[in-house]
Each structure stands twice: as structure tokens, then as C-alpha cells.
Amino acid sequence: MSKALKTGFPQTLLSWHRAHGRQGLPWQGVRDPYAVWVSEIMLQQTQVATILERYPRFMKRFPTVKKLAAAPLDDVLAEWAGLGYYSRARNLHACANQVMTDFAGKFPSDPILLEQLKGIGRSTAGAIAAFAFHERAPILDANVKRILARLFGIEGALQEKATDKQLWNIAQELLPKNPQDMPVYTQALMDFGATWCTSRKPACITGIERCPFEKQCQANLSDQVLQLPRKVVKAKSPEFDCDMLLLRHGDSVLLQKRPEKAIWGSLWSLPESAWRAKTTFSKPPISLPELLAQVLSEEKISTALKRISLDQGPQIKHIFTHRRLWIQVWNASIGQEIIFSSQNTRWVSLRQLGKYGLPQPIKLLLQGLSLVRGPD
DNA sequence: AATGCGGGGAA
DNA sequence: TTCCCAGCATT
């Protein structure tokens, strides 16, 4: 790497930030390690706009690492509901307890130690260390990968190990000399990637703004900006369908806790059948005992239940990053609460439903039925 | 090295 | 539709 670029890059970026950096985001200027950590986890693979309302709400609900650690996991998941990647919430809770027990309630400043904590990888460790402790530690999120791949004309695909290593090395080398610059520098990288060196409409292509690196940027010089960074094309996501049971008794609905290592892990949802690879054939009608036996793994279904009929409810199409799921909802109502022998089920009154972490499509479904309060 | 894990916004 | 996003953990 040329010495001019190595010293010039951080200074130019800092100047750029003074004139064009994003302002007014709720977590900007925050130096409390706990608050920094929450924001970094919340922003993983999640766009800023999604978090704007949720971050202050989370911080108000769990103002300190101590309170977060002491809270029931279900409360954390309920607060996280709708944000996706629920292992983040489980790890957040576990990490808070790690910090309490292993570090006396204080986040360590060393990125090597931070990376040992649940849910904190190298990039998040670098961000926390830089923002909260002025450590000269690099980050390598999607913004930085894109900026560096273009600036240095990195041709390898992002998924390749060698490319990753190469980018980390560059990110390390480009760090500003002065540790005091680390918070702003780190923020500047993210801002520049998010607003100017964007994936599809970078400033150098739109011509709306004049990129301060246009003379050094290898991708720009070779007219490859939109081709970098390279990615491996992913296969089309497979399609599935399943049945879900909306079983009501009075003002209660039957929920089922999902397994931890699965999609919507540890959230509460409606009892559901196994997912089937989607076919074009319509399914035959299903009886309540059959469905109960499937979704609850109940061996004995009482004769009273056998007289209950199922009403076909709505079909819901839900898109994940890697899957497409069609959900057939079946409505049923029973006269008395039944305690099922299968674990992980719970009757929840409508009034309490909002306190449960529900998958987004289920939350929307129940809201549509006026079972769950909307946002206050 | 490859895969699983959400949800929403943009084009 | 497809792509993208302040990634990490697991296998």
C-alpha cells in the first residue's frame, strides 16, 4: 500500500465526515460501552431506519447491562420481536450475564476479550473498542468491505476466506495514527459506505457528489465500481408450506415455544405442523385431531376434541432471506382449556399476548384479528 | 468453506 | 421479483 494512501485515507475520510457525515442518529456520540454494544448488535444486518425507533425503546426498557442480565430471556425476546435474527437477542442476554459474572459488570476494552463474548465477532468487537474505548481496532462490515474492495480493486469474492483476510489486513493498515480519532473515523467509514459509496448508486456513478477518493479508487479508474465487490450468486430460496393452529378458548389462545436452534428460535408462536416442500397440489382437508396430533405430538386426543371442527383461516406468504413459506391457518375454538402433555405450550390471554415475542407474521395475523394491541 | 438465521426498504 | 443491509455461530 502506498504511504500516501495509508496516511491520506484516514485524514481525507475524517474531512469528508466533518462536511457530510450523518447526524442525529440516537446512538451517535454514545460512549457508554453498554449503549454502544446494544446499538452494534441491533444494527447487525439491519438497516438504520429499522432501528431508529427500536433502539431508544430497548435502552429505556433495559437501561443497564445489569438490568438486561437480570431480565427473563422471554422479556428480551419480546422486546426484540420483529427485528429478526433472534439469536442476537439470546446472545445479548447471555453476553450481559457474561459481563456481569466474568467482568464485574464492565465491558472489557480489549477487542480480543470482547470477541470472546457471545454474539460479538471481530467487527463488532472492533466497533465497540473504537467507539467506547478509542482502541485502534478495525471494523469490517458490509460498508467497509465495499469501500476497500473498490478502493483497492479487490477482485476476489467476499465469501472467499482469502478475500476476507486481505480486507482485514487493509482495514488494519488504514487506521488513523491517533487513537483519539477512532470513534469518528469508524463512524465516518460507515457513513461514507452508507451514503456515498453505496452498492447500487455510488456518488461517482450518479455524479451528484464528487468522491474525495476518485483519483485513487482502482474500481473508479477501471470503471468497475458497480462490479465490485464481487459476490457469489446465491441459489433461489426453496419454498415450503405448513399448517398452523389458532386454537382459542374464551379470551385465550394456545401458544407454543419454538426450539432454540431453529428459525424464530425461542420465540412463541402458534403450534405448527412440519414444513413440507411446496407442491402445486392442494392439500386435503384436515381434522382437528389430526392437526393436534401433528402440531403437539399428542398421542391421545380426547373424544370431546374430535367433535370440534376446524375452520380454514387465512393463508400467509412469508419471505425469509433463504426460504419462502406459505402458512395455512386453521381456526378452532374449544369450551375449556386443555392441558396438553407436550411441553412448551401455554394458554395466553389476549391481554398478555403483547408481552410475548412473536414471529412477525404471527404478530401481524393476531393483530389483524384484534388479538394483539398495535404499537402504542 | 458453506450454511442458517429475519425482516424491511429500494429499485 | 431481486438485492441489500453496522455479522455471527455452527458444521
Side-chain angles (χ1 to χ4, degrees), chain A residues 22 25-28 30 36-55 77 80-92 94-95 114-131 138-147 156-165 167-168 171 183 186-195 197-202 206 226 229 231-239 258-267 269 317-325 357-364:
Chain A
R22 287 179 291 188
L25 301 180
W27 48 87
Q28 279 180 348
V30 167
V36 170
W37 167 63
V38 171
S39 74
E40 290 304 323
I41 301 298
M42 203 172 265
L43 284 159
Q44 285 172 1
Q45 294 292 288
T46 306
Q47 293 178 341
V48 165
T50 307
I51 305 306
L52 279 179
E53 305 296 327
R54 300 296 298 268
Y55 175 73
L77 285 163
W80 199 269
L83 292 177
Y85 286 142
Y86 298 98
S87 66
R88 291 186 296 172
R90 297 194 303 273
N91 285 332
L92 205 63
C95 180
L114 285 167
E115 201 177 340
Q116 309 299 318
L117 298 169
K118 294 277 188 188
I120 300 181
R122 186 173 174 186
S123 189
T124 300
I128 298 169
F131 284 130
I139 61 167
L140 191 60
D141 64 7
N143 288 313
V144 182
K145 286 176 181 176
R146 187 171 55 251
I147 294 167
L158 289 184
Q159 290 89 339
E160 292 167 17
K161 190 105 180 175
T163 308
D164 198 60
K165 186 176 180 182
L167 291 170
W168 272 113
T186 304
Q187 187 63 53
L189 275 175
M190 295 170 169
D191 288 356
F192 184 66
T195 60
C197 195
T198 64
S199 184
R200 302 199 204 192
K201 297 196 327 184
T206 63
L226 292 182
K231 292 155 191 142
V232 174
V233 179
K234 292 173 187 170
K236 188 182 175 186
S237 51
E239 303 180 343
R258 301 183 58 80
E260 181 179 329
K261 299 190 176 186
I263 204 153
W264 296 319
S266 301
L267 269 63
S269 185
K317 181 184 181 184
H318 189 71
I319 309 292
F320 300 101
T321 303
H322 302 297
R323 275 147 181 54
R324 295 154 198 266
L325 176 66
L358 304 172
Q360 193 68 354
I362 305 307
K363 184 178 176 180
L364 294 175

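A, B, ... follow the sequence lines: proteins, then strands. Residue 1 opens every chain. Remember, predicted model here, so these are calculated numbers, not experimental data.
If you take atom P in B/dA10 and the same atom in C/dA6, they sit 13 Å apart, rounded to whole Å. Spacing between B/dG6 and C/dT11 at atom P, rounded to whole Å, works out to 16 Å. B/dG7 and C/dT10 have their C1' atoms separated by 22 Å, given to the nearest Å.
Heavy atoms of A/K231 sit under 4.0 angstrom from primed sugar atoms or phosphate atoms, though from no base atom.
The shortest distance between the side-chain N/O atoms of A/W80 and the OP1/OP2 oxygens of B/dG6 is not below 4.0 Å. One finds no side-chain N or O of A/T321 lying less than 4.0 angstrom from the OP1 or OP2 phosphate oxygen of B/dG4.
At whole-Å resolution of the value, CD in A/Q47 and P in B/dG6 are 17 Å apart. One atom, CZ of A/R323, and another, P of C/dT1, lie 18 Å apart when rounded to the nearest Å. Atom pair A/L267:CG and B/dC5:P shows a separation of 13 Å (rounding to whole Å applied). Between A/L83 atom CG and C/dC5 atom P there is a gap of 19 Å when expressed in whole angstrom units. For the pair A/D141 CG and C/dC8 P, the computed distance is 9 Å after rounding to whole Å. Atom NZ of A/K234 and atom P of B/dA1 are 17 Å apart (whole Å). Distance, A/R90 CZ to C/dC8 P: 16 Å, rounded to whole Å.
Residues A/F320 and A/E160 each lie close to DNA chain B; by heavy-atom proximity, the contact nearer the 5' end of the strand is made by A/E160. When each of A/K261 and A/A194 is assigned the nucleotide of DNA chain C bearing its nearest heavy atom, the one mapping closer to the 5' terminus is A/A194.
If you check distances only, the side chain of A/T50 never reaches the base of B/dG7 with a donor-acceptor pair under 3.5 Å. Checked by distance alone, A/R200 brings a side-chain donor or acceptor within 3.5 Å of a matching partner on the base of C/dC3. The base of C/dA6 lies close enough to the side chain of A/R22 for a donor and an acceptor atom to sit less than 3.5 Å apart. A donor N or O paired with an acceptor N or O is found under 3.5 Å between the base of B/dG6 and the side-chain atoms of A/T46.
Residues A/I120 and A/C95 meet the side-chain proximity criterion, which asks for heavy atoms closer than 4.5 Å. Looking only at side-chain heavy atoms (C-beta outward), A/E260 and A/R90 come within less than 4.5 Å of each other.
Aromatic stacking of A/H322 on B/dT3: not satisfied for centres closer than 5.5 Å together with planes under 30 degrees.
The aromatic rings of A/W27 and A/Y55 lie perpendicular to each other, with more than 60° between the two planes, well past the 30° mark.
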